[in-house]
Amino acid sequence: MKSPSPAQAQVEPELRAESEAALLHGETHADFANASRRSDIEFRQAQLSFHERGDASWARFQQTGVATPASEVLGRLSAKLTTRRKQVGGA
């Protein structure tokens with residue numbers, strides 16, 4: 001049995017023209033649309049994961065009353081950033 005074809009999304013003419021102008025050599029509009037969708041899906045998955053971690057942290061705090069000071073969190077983030085910058089050759 002053949003699977004049904006997905007319905008084509010309606011694209012505003014101006015948006016279609018802008019996306020076609022952004023195509024790389026040899027890239028089709030379908031390639032571009034699929035890459036964009038993949039990027040959007042990955043972003044939304046990361047966003048959902050972020051919110052789930054935040055909700056879990058909030059629930060833990062409400063149960064225990066124990067929190068990590070902001071200065072400690074910022075210190076850890078700063079250390080991660082410094083490490084990553086060294087890995088990619090930044091300052």
Side-chain angles (χ1 to χ4, degrees):
M1 182 168 134
K2 186 176 175 183
S3 60
S5 299
Q8 284 198 324
Q10 295 295 324
V11 180
E12 297 171 8
E14 184 178 322
L15 180 59
R16 182 170 187 85
E18 289 174 1
S19 67
E20 287 175 352
L23 294 177
L24 302 175
H25 180 71
E27 184 178 37
T28 66
H29 193 266
D31 294 335
F32 179 79
N34 287 331
S36 296
R37 285 186 189 105
R38 171 56 46 204
S39 178
D40 285 350
I41 290 167
E42 290 171 358
F43 175 80
R44 288 187 183 192
Q45 288 170 336
Q47 194 175 39
L48 178 61
S49 176
F50 175 82
H51 286 284
E52 288 171 345
R53 290 191 315 272
D55 290 345
S57 292
W58 177 243
R60 231 179 357 265
F61 171 73
Q62 288 179 314
Q63 289 176 348
T64 65
V66 177
T68 305
S71 59
E72 186 178 325
V73 173
L74 292 174
R76 287 186 207 163
L77 290 172
S78 179
K80 285 183 178 184
L81 181 58
T82 299
T83 299
R84 185 65 181 137
R85 281 183 173 156
K86 287 178 183 175
Q87 289 174 345
V88 297

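Counting begins at 1 with the first residue of the sequence.
Checking each of Arg53, Glu52, Gln47 against Phe50 for a side chain to side chain contact (heavy atoms under 4.5 Å, CB included) leaves exactly one that passes, namely Arg53.
Between the Thr83 side chain and the Ala79 main chain, a donor and an acceptor come within less than 3.5 Å of each other. Asn34 places a side-chain N or O within 3.5 Å of a backbone atom of Ala30 that can act as its donor or acceptor partner. Distance alone, capped at 3.5 Å, is enough to place a donor-acceptor pair between the Thr64 side chain and the Arg60 backbone.
Looking at every heavy atom in both residues, Phe32 comes nearest to Leu23 through CB-CD2, 3.4 Å. His29 approaches Ser19 most closely through the heavy-atom pair NE2-OG, 2.9 Å.
Atom CD of Glu12 is surrounded by 12 or fewer heavy atoms from other residues, nucleotides or ligands within 6.0 Å.
Residues Arg85 and Thr82 bring no donor and acceptor atom of their side chains to less than 3.5 Å of each other.
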Apply salt bridge (Lys or Arg N to Asp or Glu O under 4.0 Å) to the pair Arg16 and Glu20, showing each step before the final yes or no.
CA-CA 6 Å; Arg16 182 170 187 85; Glu20 287 175 352; 3.1 Å; yes

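Rounding to the nearest 0.5 Å gives a distance of 5.0 Å between CD of Glu18 and CD of Glu14.
Using a cut-off of 4.0 Å between Lys/Arg side-chain N and Asp/Glu carboxylate O, Arg76 and Glu72 are scored as salt-bridged.
Side chains of Arg44 and Leu48 form no contact here, defined as non-hydrogen atoms less than 4.5 Å apart. The closest side-chain heavy-atom distance from Glu42 to Arg38 is below 4.5 Å.
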